[in-house]
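First comes the structure, then the notes that go with it.
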Amino acid sequence: MSTETTAPANFIHEIVEEHNRTGRFGGRVHTRFPPEPSGYLHIAHAKVASIDFGLARDYGGKCNLRFDDTNPIREETEYVDGIIETLHWLGWDWEDRLYFASDYFQQLYEWAQLLIRKGKAYVCDLSADEVREYRGDLTTPGRNSPWRDRSVEENLDLFARMKQGEFPDGSRTLRAKIDMAHPNFNMRDPVMYRILHAEHHRTGTEWCIYPMYDWAHGQSDSIEGVTHSLCDVGYEDHRPLYEWFCNELGIYCPQQVEFGRFSLTYTVLGKRILKRFVNEGLVHGWDDPRMPTLVGLRRRGYTPEAINDLCSRTGVSKTNTVIEIQLLEHCIREDLNRRAPRVMAVLKPLKVVIENWPVDADGRPTVEWVEAVNNPEDESMGTRQIPFSRELYIEQDDYREDAPKGWFRLGPGREVRLKHGYYIKCHDAVKDADGNVVELRCTYDPESAGGQTPDGRKVRGTLHWVSAAHAVDAEVRLYDYLFTKPDPNDAPEGQDFMANFNHDSETILTGCKVEPGLSAARPGERFQFLRMGYFCLDPDTTPELLVFNRTVELKDTWSKVESKAEKKEQEGAIR
RNA sequence: UCGGGGAUAGUUUAAUGGUAAAACACCUGACUCUGGAUCAGGAAUUUGGGGUUCGAGUCCCUGUCCCCGAGCCA
């Protein structure tokens, strides 16, 4: 795909091209996407997947899916299945190359024995606390474990008995013998195996010793013939250990390359925290539409195209980045503007009665079916017929008794166009005992069919509407950001990001009225509700009730104008 | 304090010793049967100091700031 004439797209491409020039990997590019099945994937994982799978795609190489399942306590098959499904949804393919680090447990065990025989690993009887104590700190070197110089025979015997299950959890570890004075903590005799009498989601109770990340990852890459092991900068100082293990084992060593971490404003990523939201009921589940998880974004109505677009727009570098969530919103608007059919839905209904609407021979209001385009951006999406009659619903927010300057929606004596229908003029507002407007009495101009009149008079406002008799009831869920600040960690002294948690991020609207054709919609289908935003039919939908999630609002110039005017007014009042 | 990394408009990324640019965000305006979309325009950037060079965001020296690291997590 990439040719010699195109400039490298990012620093990783430069590295690959350098390797291709020197022939280090014989021109091969083979990556891997290595999730731990301990939760659902979130938006930053989509970015990582895009880097891993994308690099292979760009150079005609391969990318494996490999689950990094070396900690049985956290990992579950539910997550394996969820991750696979999400990756396919994003459009990535690994053919038959689905692997698990746990596939390599036996090989890893034998390699550990090899290291012991070489005098490069030993069984250590120190407790976790003691290990920490012996490790030293930032400025002081660590001290050697008293068990560091056991004989090869004793180490081999003890290690075998660890595997046999003779010792309790935490009683011993296998450690690499490197350098307790090394400035890089990872090189201070890192633990390779810990004892864990726990059931593993794939290997069951076959093992009671489990390899640590560092002792599993590089060798897994090596076994699979990975050329470029891409990871985030958090692993930068693990690279020396990665290479030490491969070199001591005398096995093929891939090149680890680190890229910057990725995050989003107004949210937190991080599986532990997201898991906490789920467990504490702060959200309804991993796939809550407010969650930055990919299952959440999907349910919210985000398309894989929009998410991949975000990933490619944001580039790849070594700096940790915080992407403004507005860019994600731009990506989904751009995608859905092109693809989503337009429909009309009234979220907060206000009844409109057209007093001069014609009646039939029986004195019943007639029904006129008007034609509506499905998508002005794409003629091929055709048109549909929608019913117009004497009683309609419009949006409560589209009527103001005291219309502000620049208002061109409805108000006393004002005329607006009903999209695809007629001009109507408001004559009267019926109020309830509390003074709330509950009904508008209007007249229509029969000459205005099709949206214009013979006299050519200008009508600035165009409203969406539904026919009261034909409308279908719906529940509509509106979402706000999970946090009230762009940087959730920007919390008062002594408090954490939870201080900025938005406890009002979900608004459920009931009694919404949508046009009749929507009753045929299927869960996952996406629409533009004219003037209101993009919405996606939720799986909670039943034959009796349609449930929609608002994916994102449309850009709203008016609200901006109005809030600015208000601000100006306030400032004026202060002066 | 020690080790590892990083720093270009508000945000993200280009510019690979030769006119500092794009997208998003922001501000104007035009157009519109969605106050949507679209279009046109605007404001805005090289972490400080020194050096090399005809010329430095880029090379050298030196400061500053930010991130990561002391799991038997990944």
Side-chain angles (χ1 to χ4, degrees), chain A residues 7-10 14 34-36 38 68-71 73-75 124 126-128 131-133 135-142 169-175 182-188 190-196 210 212-214 216-217 231-240 258 260-262 265 271-272 310 313-324 326-331 333-334 337-338 342 344 373 376-377 406-409 417-421 423 448 450-452 459-464 486 528-533 553-562:
Chain A
N10 59 54
E14 285 176 26
E36 184 192 17
S38 60
D68 228 329
D69 56 348
T70 56
N71 186 348
I73 294 166
R74 318 203 311 177
E75 296 147 8
C124 178
L126 254 26
S127 71
V131 168
R132 190 177 316 119
E133 208 183 303
R135 188 155 33 223
D137 62 29
L138 262 16
T139 46
T140 65
D169 288 4
S171 58
R172 286 175 225 259
T173 54
L174 183 75
R175 296 226 258 162
H182 200 108
N184 181 345
F185 284 109
N186 296 304
M187 302 300 271
R188 318 247 260 226
V191 171
M192 295 162 61
Y193 278 97
R194 73 286 215 186
I195 301 173
L196 237 39
Y210 289 93
M212 299 289 291
Y213 167 86
D214 287 306
H217 203 91
C231 58
D232 76 56
V233 291
Y235 293 93
E236 216 145 17
D237 47 17
H238 289 247
R239 181 163 17 100
E258 309 87 8
R261 286 201 171 114
F262 176 99
T265 55
K271 263 186 272 189
R272 273 199 316 275
L310 176 85
R313 280 175 190 252
T314 47
V316 180
S317 68
K318 291 208 70 166
T319 41
N320 292 334
T321 58
V322 183
I323 304 299
E324 291 177 329
Q326 286 78 8
L327 183 58
L328 211 214
E329 293 175 346
H330 169 80
C331 291
R333 282 198 191 100
E334 188 175 77
N337 176 52
R338 198 163 32 85
R342 272 60 169 171
M344 295 201 284
V373 291
E377 305 289 321
W407 178 260
F408 36 88
R409 277 119 91 154
R417 172 168 37 234
L418 294 182
K419 180 81 180 176
H420 308 305
Y423 290 5
S448 62
Q452 49 227 325
V459 173
R460 296 292 300 276
T462 301
L463 309 186
H464 61 279
Q528 185 194 104
F529 288 1
L530 231 56
R531 304 206 303 137
M532 303 306 285
E553 290 178 88
L554 254 24
K555 279 202 225 162
D556 185 358
T557 315
W558 166 251
S559 74
K560 214 181 263 182
V561 169
E562 191 175 37

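Not measured: the values here are computed from a predicted model.
In this structure, the nucleotide among rG10(B), rC72(B), rU12(B) sitting nearest to the side chain of T173(A) is rC72(B). In the set rA74(B), rU12(B), rU1(B), rU12(B) carries the atom at the smallest distance from any side-chain atom of T314(A). If you check rG4(B), rA37(B), rU34(B) against the side chain of E236(A), the one that comes closest is rG4(B). Candidate nucleotides rG35(B), rC24(B), rU13(B) were compared by shortest atom distance to the side chain of L327(A), and rC24(B) ranks first. Side-chain proximity of R313(A) to the nucleotides rU12(B), rA74(B), rA23(B) is greatest for rA23(B). Taking the side chain of P376(A) as heavy atoms from C-beta on, and the options rG5(B), rC2(B), rU34(B), the nearest nucleotide is rU34(B).
Between the P atom of rC31(B) and the CZ atom of F408(A) lies a distance of 12 Å, rounded to the nearest Å. What separates CD of Q528(A) from C1' of rG35(B) is a distance of 13 Å, to the nearest Å. One interatomic measurement links the two molecules: CZ of R239(A) to C1' of rG3(B), which rounds to 13 Å at whole-angstrom precision. Between R261(A) atom CZ and rG5(B) atom P there is a gap of 15 Å when expressed in whole angstrom units. For the pair K419(A) NZ and rU32(B) P, the computed distance is 13 Å after rounding to whole Å. Counting to the nearest Å, the P atom of rC72(B) and the OH atom of Y193(A) are 16 Å from each other. Between the NE2 atom of H330(A) and the P atom of rU12(B) there is a distance of 17 Å, rounded to whole Å.
Residue R135(A) has no polar side-chain atom (N or O) positioned under 4.0 Å from OP1 or OP2 of rC2(B). Between T319(A) and rU13(B), a side-chain N or O to OP1/OP2 separation shorter than 4.0 Å is present. Phosphate proximity of rC72(B) to R175(A): absent, as no side-chain N or O sits under 4.0 Å from OP1 or OP2. When the side-chain nitrogen and oxygen atoms of T557(A) are compared with OP1 and OP2 of rG36(B), one or more of them lie within a distance under 4.0 Å. The side chain of K555(A) contributes an N or O atom lying less than 4.0 Å from OP1 or OP2 of rA37(B).
Among the protein residues, E329(A) comes within range of no part of the nucleic acid, since none of its heavy atoms lies under 4.0 Å from any strand. Within the 4.0 angstrom heavy-atom criterion, no nucleotide atom of any strand lies near V459(A). Contacts of T140(A) with the nucleic acid, taken as non-hydrogen atoms under 4.0 Å apart, are absent. If you check every strand for non-hydrogen atoms under 4.0 Å, L328(A) touches nothing. Here K560(A) lies in heavy-atom contact (under 4.0 Å) with sugar-phosphate atoms only. Residue contacts shown for Y210(A) are absent, as no nucleic acid heavy atom lies under 4.0 Å away. Across all strands shown, S559(A) has no heavy atoms under 4.0 Å from either base or sugar-phosphate atoms. H464(A) comes within contact range of no nucleotide atom at all, as no heavy-atom separation falls under 4.0 Å. Residue L554(A) is classed as a base contact, given a heavy-atom separation below 4.0 Å to a base. Among the protein residues, D556(A) comes within range of the sugar-phosphate backbone only, with heavy atoms under 4.0 Å from sugar or phosphate atoms but none that close to a base.
Between Y213(A) and Y235(A), the ring planes lie tilted relative to each other; the angle falls in the 30° to 60° range.
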Polar pairs (N or O, both sides) under 3.5 Å between protein and nucleotides 56-58 of chain B?
none

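Taking all atoms of both residues into account, the shortest heavy-atom contact from S171(A) to I195(A) is OG-CD1, 3.7 Å. Here the closest non-hydrogen pair linking K555(A) and R333(A) is N-NE, 3.9 Å.
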Base-pair string, RNA chain B, Watson-Crick plus G-U, cut-off 3.5 Å on both distances, | for inter-strand, is .((((((..((((....[..)))).(((((.......)))))....(((((..]....))))))))))).....
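The base of rU11(B) does not come close enough to the side chain of Q326(A) for any donor and acceptor atom to sit less than 3.5 Å apart. R342(A) contributes a side-chain N or O that forms a donor-acceptor pair with the base of rU34(B) under 3.5 Å. A donor-acceptor contact under 3.5 Å is not formed by the side chain of R460(A) with the base of rG35(B). For rG36(B), the base has a donor-acceptor partner in the side chain of E377(A) [N/O atoms by modelled type, under 3.5 angstrom].
The ring of F185(A) does not lie on top of the base of rG69(B); it is either too far (5.5 Å or more) or too tilted (30° or more).
For the pair K271(A) (side chain) and E36(A) (backbone), a donor-acceptor distance under 3.5 Å is present.
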